[in-house]
Amino acid sequence: MYQERRRATHIAASAAGFLQRRARRLSGVGLALGTLFFAAALTPSLVPRTSLTQGVLAGACFAAGYGLGVWSRWLWAYLGLRVPTERASHITNTLIAAGCLSVVIACLWRAAEWQNSIRAVMGMTPITSVHPIQVCLIALATFVSLLALARLFGLAVGFMAGRASRFVPRRIANVVGVSVAVVLVWSLASGVFFRVAFRVLDTSFRARDALLEPERPQPVETVRTGSPASLVRWSELGRAGREFVASGPRAAEIGALSGRPAKEPIRVYVGLRAADTAQERAQLALAELKRVGAFDRSVLVVITPTGTGWIDPSAMSAVEYLHHGDIASAALQYSYLSSPLSLLVQPEYGSEAARALFAEIYGHWITLPRDRRPRLYVHGLSLGAMHSESSIELFELIGDPINGALWSGPPFGSRFWRSVTDGRNPGSPAWLPEFREGRFVRFMNQRGARVPADAPWGPMRVVYLQYASDAVTFFEYRAFYRSPAWLESPSGPDVSPQLRWLPVVTALQLTLDMAMATRPPIGYGHVYAPQHYVDAWSAVTGVPDWSPEALATLKRHLAEVAARAMEDDGSDEGAYRNRGG
């Protein structure tokens, strides 16, 4: 027993000595900057956070601040400036640690208030605590993990530099060491980790896409894609395609709500398995549109889905009701992967598929008599909006323009959206711009557009539906070193009034917000509400036969349908919304 106690005491003393030596190696400047970054990470951004996400963010921000502090200390010594003695450094670090602890406690005490400032503008129930102990433990684990990776990289740099110093001067050897280590790490990551991860994810998404859901039996109506009469087999539609074709309002439902005669909406979808190339799938889609008589309808919508092939049911149901079912729509799947993964590993596929489908349909559409062809529109959500943008060559539309476009939640990388936003009228906010007289492009959010509804349109109408709280739209890399334009006063109606720009930290917050953009309630973040689609489609397509009272009834009905769909999909609302990637 005595020997066991002695051994335990020795182990504890050794561990304490090890931790003390490690603590002395920590940078005081790094601790100070890391703590400031940690505290800043607790401040509000665009969407609410859980304890887990708050802890990961705080830990990553602490690591970023600590890294900047270590780099500044290295630069100080590299320039040959005076370095404090070890005793002075120890005293300074102790004082810094005490100050850091005070800052952390004060900011954790206010963290719930900051999170509630976001929840309040989104109509969410306030929280009483952010669970500070849990947040700190997760942040510590995140910081230690990132610190270990950084030190492992440092060892690789030192090893490579040591080898190179045998042949070149030391400073050149250091550059060589850093360069070789970066190339080595990137090669291992992209060649091994990313490749294996992509194969696993691709196999998983492919299997899920092929899974036939028993709750969606093959349609028997000859006008529906996937029916026995269809040119596209039911199994070739993919999971998202079968969901799109099998869902949506029927003529009886539309007529019952509007009180007017209605037609059965036409939905055409071609999955990845239907043909080998995007061009062949686009030709198949055109043939299917002709087969079902889509060009005899009043409205035709060319849809570009999200990465998984998903199409927002709120968007299409809204426009189908507004036009009493006298409408056809067509979409082409270009990926199995979620939008972020699709954008990362195959960014050109979506644009290629969107362009192929639009070119096929537009090429046939312009051959039809102008007084007997449908009005032609394009639509896309999120990544679909960006690819839909790229599918149109404006110069080819000058002689025979399409009727318009509705793009919702455009990603920050959308070129046309960025160009119009940057060229907005002076005085209009970046989160809801005005572009010239509003005859070509208008922006809408939860409260509609800044341009009056009765303002005249030009021959083609383009509407961007976007929320100020959507980080997918408003993320920008420059937020690392300067305040984004959308943060200028006045801020958006769904943005916390306590949100402030902070160097580096705000960009990291927005990065997390993009990953969490589908978690807020419907009508905020990256979750677009059917009632807002009603307003947007009304502006794009024009619906003079709907009274304000009838539109209000339609909005309530679609909101109830969306709520029921979320409940049927599970208690977690994000499960329903995340299908769009």
Side-chain angles (χ1 to χ4, degrees), residues 8 11-43 45 49-74 86 89-90 92-109 111 129-159 178 181-182 184-186 188-189 192-194 197 480 502-509 511-513 515-516:
I11 292 174
S14 299
F18 174 80
L19 292 175
Q20 187 176 15
R21 290 192 299 272
R22 288 293 177 184
R24 287 178 179 174
R25 292 183 58 188
L26 294 175
S27 165
V29 178
L31 287 174
L33 281 177
T35 300
L36 291 177
F37 278 35
F38 177 96
L42 300 174
T43 61
S45 53
R49 307 182 199 114
T50 63
S51 299
L52 174 61
T53 56
Q54 181 63 83
V56 171
L57 174 65
C61 288
F62 185 91
Y66 183 81
L68 286 175
V70 170
W71 177 81
S72 64
R73 185 180 66 174
W74 171 86
E86 183 177 350
S89 296
H90 179 66
T92 302
N93 287 353
T94 302
L95 295 174
I96 289 175
C100 290
L101 182 61
S102 302
V103 171
V104 168
I105 292 173
C107 290
L108 284 171
W109 180 71
S129 172
V130 295
H131 306 289
I133 295 178
Q134 185 177 352
V135 167
C136 289
L137 290 175
I138 296 172
L140 179 61
T142 303
F143 169 67
V144 170
S145 300
L146 293 174
L147 182 63
L149 290 175
R151 294 208 165 157
L152 184 63
F153 178 77
L155 290 175
V157 170
F159 176 79
V178 171
V182 169
L184 179 62
V185 170
W186 176 251
L188 288 173
V192 180
F193 176 77
F194 287 151
F480 276 99
L502 300 164
V504 180
V505 174
T506 295
L508 295 176
Q509 288 177 322
T511 302
L512 178 64
D513 286 346
M516 302 294 294

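The structure displayed is predicted, hence computed values, not measured ones.
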Atom of [X], atom of [Y] and distance for their closest heavy-atom approach:
X    : Y    : value
A60  : T142 : N-CG2, 3.8 Å
F38  : A139 : CE1-CB, 3.7 Å
A63  : L146 : CB-CD1, 3.7 Å
A41  : A58  : CB-CA, 3.8 Å
A40  : L502 : CB-CD1, 3.4 Å
V130 : L108 : CG2-O, 4.4 Å

Approximate separation, where rounding is to 0.5 Å, of T35 OG1 and F62 CZ: 4.5 Å
Nearest-0.5 Å distance, CG of residue L140 to SG of residue C136: 8.5 Å
I need the single residue from V505, L512, V504 that forms a side-chain contact (heavy atoms from CB on, under 4.5 Å) with L508. Which is it? V504
If you look only at pairs with a residue in residues 51-62, which of them pass as a side chain to side chain donor-acceptor pair (under 3.5 Å), with sequence neighbours excluded? R49-Q54, T50-T53
